[in-house]
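To start, the structure itself, in structure tokens.
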Amino acid sequence: MTEALSQIELSKSEIAKLPAPLRRKIQAAFGPADMANGTWMLVGAASAVTARVIDRAIAQIALVASNYAAARSERNIERLLEMIVEDIPRHPVDIELEIENAGMRAEYLAENNLLTAQEVRDRSGLKPRNRSEPASRWKREGKIFAVRKGAIDLYPAFQFVDGSPRPVIKKILAELGDEFTAWQVAFWFQSGNGWLDGEEPRDCLDQVDDVVMAARRLAEPTIG
């Protein structure tokens, strides 16, 4: 049989008539202002065990409610920001650059051998329970990178050998750091590089020292 709970809502006048020791306990826990302005309710349980469970549950509810309110506020701010930014006039050059970039990405997706997480998993020979593994784990560890097509991560195949990440990829990504987007990294790998005698970095992965140095040069701040 479910243990019944009793709930009694207290008015401000009833709160003022509470015994002094009880009012002092409430003020010590919440402060006089909260006691005067808050909404109070007595909740009773037939056993001390149930009362302790209720006390812990109420504390968690307050924390969850606070976190939810903060998250909702952030979402509202993001929506407002999107509406504001949408109304800001944009220079034609910016639009042209976006169109050009979109075309470059479409060309990259069409011309390169890109692997889904499932294909990376199949080639690795590993059988983790999560089907996005090991690709997503290797990505988190900085061993490989992925470009996005919609909501899907696609992994350039040149990063792998015998189903595993090439060790040199991690070294290169570490040199490039977080300042470059995944798409910028992808375009760098397939662009002619002066530090590699005009060769594309993805074709020079066996020249570990040279290709890592080229990545380091790219990441170095420009002086002058």
Side-chain angles (χ1 to χ4, degrees), residues 71 74 78 81-82 85 90-91 93-224:
E74 287 297 322
E78 289 294 333
L81 183 59
E82 288 179 5
V85 171
R90 301 171 62 215
H91 196 281
V93 173
D94 294 330
I95 298 175
E96 291 178 7
L97 288 174
E98 289 178 359
I99 294 173
E100 181 181 355
N101 190 274
M104 292 172 60
R105 293 187 186 189
E107 185 176 344
Y108 186 94
L109 293 172
E111 295 182 353
N112 286 275
N113 184 12
L114 304 172
L115 307 176
T116 63
Q118 179 65 57
E119 289 171 328
V120 172
R121 183 175 185 268
D122 293 341
R123 295 186 181 199
S124 72
L126 303 175
K127 301 297 180 184
R129 186 172 300 178
N130 185 344
R131 292 188 175 275
S132 69
E133 301 285 359
S136 59
R137 173 170 57 83
W138 287 340
K139 179 185 171 185
R140 290 194 304 272
E141 293 172 349
K143 295 180 178 180
I144 56 176
F145 74 96
V147 294
R148 300 280 283 181
K149 181 183 180 182
I152 300 174
D153 274 339
L154 296 174
Y155 302 86
F158 67 78
Q159 303 178 95
F160 305 92
V161 60
D162 297 329
S164 297
R166 292 175 179 265
V168 68
I169 298 297
K170 183 174 183 178
K171 295 180 180 180
I172 292 171
L173 296 179
E175 292 292 346
L176 294 177
D178 298 328
E179 295 184 6
F180 298 91
T181 68
W183 276 106
Q184 287 173 328
V185 171
F187 292 143
W188 177 81
F189 269 107
Q190 74 163 22
S191 300
N193 192 289
W195 296 102
L196 300 171
D197 296 326
E199 296 293 322
E200 297 178 4
R202 64 180 178 181
D203 295 329
C204 301
L205 298 179
D206 292 333
Q207 306 169 34
V208 176
D209 292 340
D210 291 338
V211 75
V212 171
M213 181 273 294
R216 185 179 304 124
R217 293 294 187 182
L218 177 68
E220 288 177 350
T222 303
I223 299 176

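Here the structure is a predicted model, which is why all the values come from computation and not from measurement.
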Counting only heavy atoms from other residues, nucleotides and ligands, does the tally under 6.0 Å from [atom1] of [X] exceed 12?
X	atom1	answer
N130	CG	yes
W195	CH2	no
R131	CZ	no

| said: I'd like to know whether L97 forms a side-chain contact (heavy atoms from CB on, under 4.5 Å) with E100, so could you lay out the CA-CA distance, the side-chain angles of the two residues, the decisive distance to 0.1 Å, and finally the verdict. | reply: CA-CA 5 Å; L97 288 174; E100 181 181 355; 4.2 Å; yes
Indicate the atoms forming the closest heavy-atom contact of [X] with [Y], along with that distance.
X	Y	value
P201	S191	CD-O, 3.1 Å
Q159	I144	OE1-CA, 3.3 Å
P134	L126	CG-CD1, 3.9 Å
L114	L109	CD1-CD2, 3.5 Å
E133	R140	OE2-NH2, 3.4 Å
A186	V147	CB-CG1, 3.8 Å

Working to the nearest 0.5 angstrom, can you tell me the gap between [X] [atom1] and [Y] [atom2]?
X	Y	atom1	atom2	result
K170	E141	NZ	CD	6.5 Å
F187	E107	CZ	CD	8.5 Å
D203	Q190	CG	CD	10.0 Å
I172	C204	CD1	SG	9.5 Å
R217	E175	CZ	CD	11.0 Å
I99	E96	CD1	CD	7.0 Å

Within the distance-only criterion (no hydrogens, no angle test), does the side chain of [X] pair as donor or acceptor with the backbone N or O of [Y] below 3.5 angstrom?
X	Y	result
R121	A135	no
E119	T116	yes
E199	L196	no

How about [X] and [Y]: do any of their side-chain heavy atoms sit closer than 4.5 Å?
X	Y	answer
E220	R216	yes
F145	L176	no
R148	D153	yes
N193	L218	no

| remark: R123 meets the side chain to side chain donor-acceptor pair (under 3.5 Å) criterion, sequence neighbours left out, with none
| said: Can you classify the ring geometry of F160 versus W138 as parallel (below 30°), tilted (30 to 60°) or perpendicular (above 60°)? | reply: tilted
| query | Hey, mind stepping through V120 and K139 against side-chain contact (heavy atoms from CB on, under 4.5 Å) and telling me if it holds? | reply | CA-CA 12 Å; V120 172; K139 179 185 171 185; over 6 Å; no
| request: Start with the C-alpha distance between F189 and F158, add both sets of side-chain angles, then the distance that settles side-chain contact (heavy atoms from CB on, under 4.5 Å), and finish with yes or no. | output: CA-CA 10 Å; F189 269 107; F158 67 78; 3.6 Å; yes
| task | Starting from the C-alpha separation in whole Å, work towards a yes-or-no answer on side-chain contact (heavy atoms from CB on, under 4.5 Å) for D206 and R166. | result | CA-CA 10 Å; D206 292 333; R166 292 175 179 265; 3.8 Å; yes
